[in-house]
Amino acid sequence: MVKIGVFSTKAYDREFLAAANDERHELCFFEPQLNLTTAALARDCEGVCAFVNDVLDARVIALLAEQKVRLIALRCAGFNNVDLAAARAAGMVVGRVPAYSPHAVAEHAVALMLALDRKLHRAYNRVREGNFALDGLLGFDLRGKKAGVIGTGQIGAVAARILGGFGCRVLAYDVVENQECLRSGVEYGPIEKIWREADIITLHCPLHAENYHLIDTAALERMKDGVMIINTSRGGLVDTGAAIEGLKSGRIGYLGLDVYEEESELFFEDRSGSILRDDMFSRLLTFPNVIITGHQAFFTKEALERIAETTIRNISEFEGAGSCSNAIEG
Ligand code: NAD
């Protein structure tokens, strides 16, 4: 039995992790986010279980290592919040959940596209107010449009397949071409081609130092007027200031975000009674052609079951072998 400090716990994490654990390991559920202040909560634990906005930089890792923590079990796919070099130097194993439900995220990306295109957020409010006018709700057919998928791993490949099903011509950019995508007619090319030609751009690549602010002013200048941009990957891929300017000029016609570069200060909590201090975020909320969801793309029953099962398996493998098959190499 391994003792694990589970950070950023919500009721749903507790429910799904406890069910998958079946009392194999000692799970200590902590509501706070993992950071320099809260790391001490894990003082008797051999491992920590962390989520997307938990802080696992060199300082937090050093503190955890002092406390004899040897495992970081991420209950997510992305690991941009972990200083892998620091974890390796501290002799820690970093496990993750590489694939839980690519469908959950890809389907949410497409939900954002359809809602923005057909202006469902506006239509919903109008009808509730007895306003059945259609002016301002004009959409476009997805069929025949060029959809650019950036990153065709697990999630991007499903998004490409769904978009192909709608009759889109799917363009893709990835550092590695996906054979399944190639077989289904996805056209790979340089990212430049996507900037120039795509009507819809959806991001499914991980965030790392080289692609931070992948969508910035220079990229936007090369895109089609009125382009739709969807980001369900990581907030840092989009320069929010540039996106706001792009929305003001009309270069961006539609923006769908499930992630935001400063989301750790906002998401996963009810802040409806507090003052929003993030002026960029507040500005984004004023545009009628922007839909933001609070990092919920992964949030389906199937995905939570898989996340919990894989996380518990990673912990059990660590207990047996001192490592796990889903360990990330630093
Ligand atoms: P994956 O590893 O299966 O695929 C990522 C793909 O991106 C790979 O094909 C890789 O070659 C490619 N890639 C890497 N660097 C690139 C670059 N600079 N430019 C273009 N392509 C690049 O990952 P996945 O499971 O498909 O997840 C993708 C991302 O989605 C994750 O990194 C994570 O950030 C995000 N995600 C978000 C949510 C959510 O709830 N919003 C949930 C899960 C994952």
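Just so we're clear, the structure is a prediction, and the values are computed from it rather than from any experiment. One-based numbering, in listed order, for ligands and for the atoms of each.
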Using a strict cut-off of less than 4.0 Å between a Lys/Arg side-chain nitrogen and an Asp/Glu carboxylate oxygen, indicate whether Lys146 and Glu197 qualify as a salt bridge. yes

How close do Ile215 and Trp195 get, heavy atom to heavy atom, and via which atoms? CG1-CH2, 3.9 Å

Would you call the rings of Phe140 and Tyr254 parallel, tilted or perpendicular, taking 30° and 60° as the class edges? perpendicular

For Gln296, is at least one N or O under 3.5 Å away from an N or O on ligand 1? no

Hey, is Arg183 close enough to Glu180 for a salt bridge, meaning N to O under 4.0 Å? no

Phe299 heavy atom under 4.0 Å from ligand 1: no

State the atoms of ligand 1, each with its element, that fall below the 4.0 Å cut-off from a heavy-atom position in Asn211. 18 (N)

Any N/O pair Gln154/ligand 1 closer than 3.5 Å: yes

Ile312 versus Leu27, closest heavy-atom pair with distance: CD1-CD1, 4.2 Å

With the threshold set strictly below 4.0 angstrom, can you tell me whether any protein non-hydrogen atom sits that near atom 2 (O) of ligand 1? no

Closest to atom 7 (O) of ligand 1 (heavy atoms only, candidates Gly156, Pro98, Gly153, Pro206) is Pro206

Indicate the ring-plane relationship of Tyr12 and Phe299, choosing parallel, tilted or perpendicular according to the 30° and 60° boundaries. perpendicular

His208 touching ligand 1 at heavy-atom level, < 4.0 angstrom: yes

Protein heavy atom at shortest distance from atom 30 (O) of ligand 1: Ser233 OG, 3.5 Å

Among protein heavy atoms, which lies nearest atom 26 (O) of ligand 1, and at what distance? Ile155 N, 2.9 Å

Lys68/Glu46 salt bridge by N-O under 4.0 Å criterion: no

Hey, can you tell me if Phe298 and Phe268 have their rings parallel, tilted or perpendicular (30° and 60° cut-offs)? perpendicular

Output yes when the distance from some N or O of ligand 1 to some N or O of Phe298 is under 3.5 Å, and no in every other case. yes

Quick check on contacts: which atoms of ligand 1 are under 4.0 angstrom from a heavy atom of Asp258? 39 (C), 40 (O), 41 (N)

Would you give the length of the straight line joining atom CE of Met1 to atom OG of Ser316, rounded to the nearest 0.5 angstrom? 10.0 Å

Show which atoms of ligand 1 fall inside a sub-4.0 Å distance from at least one heavy-atom site of Thr152. 9 (O)

May I ask you to identify the nearest protein heavy atom to atom 38 (C) of ligand 1, giving residue, atom name and distance to one decimal place in Å? Thr232 O, 3.8 Å

Verdict with reasoning, Tyr260 to Phe281, per side-chain contact (heavy atoms from CB on, under 4.5 Å): CA-CA 8 Å; Tyr260 170 61; Phe281 193 78; 3.6 Å; yes

Closest non-hydrogen atom pair between Thr232 and Val259, with its separation: C-CG2, 4.1 Å

Out of His295, Glu177, Arg234, His204, who is nearest to atom 28 (C) of ligand 1 when you count heavy atoms only? His204

Is_contact(atom 19 (N) of ligand 1), protein non-hydrogen, under 4.0 Å: yes

Below 4.0 angstrom, N of the basic side chain to O of the carboxylate: do Lys301 and Glu305 qualify? yes

Taking only non-hydrogen atoms of Pro102, do any sit less than 4.0 angstrom from ligand 1? no

Proximal atoms of ligand 1 relative to Val105 (non-hydrogen, under 4.0 Å): 38 (C), 42 (C), 43 (C)

Distance to 0.1 Å, residue and atom name: give those for the protein heavy atom nearest to atom 43 (C) of ligand 1. Tyr100 OH, 2.8 Å

Considering only non-hydrogen protein atoms, determine which one is nearest to atom 21 (N) of ligand 1 and report residue, atom name and distance to 0.1 Å. Cys205 CB, 3.5 Å

For atom 9 (O) of ligand 1, which of the options Asp174, Thr293, Ile307 provides the nearest non-hydrogen atom? Asp174

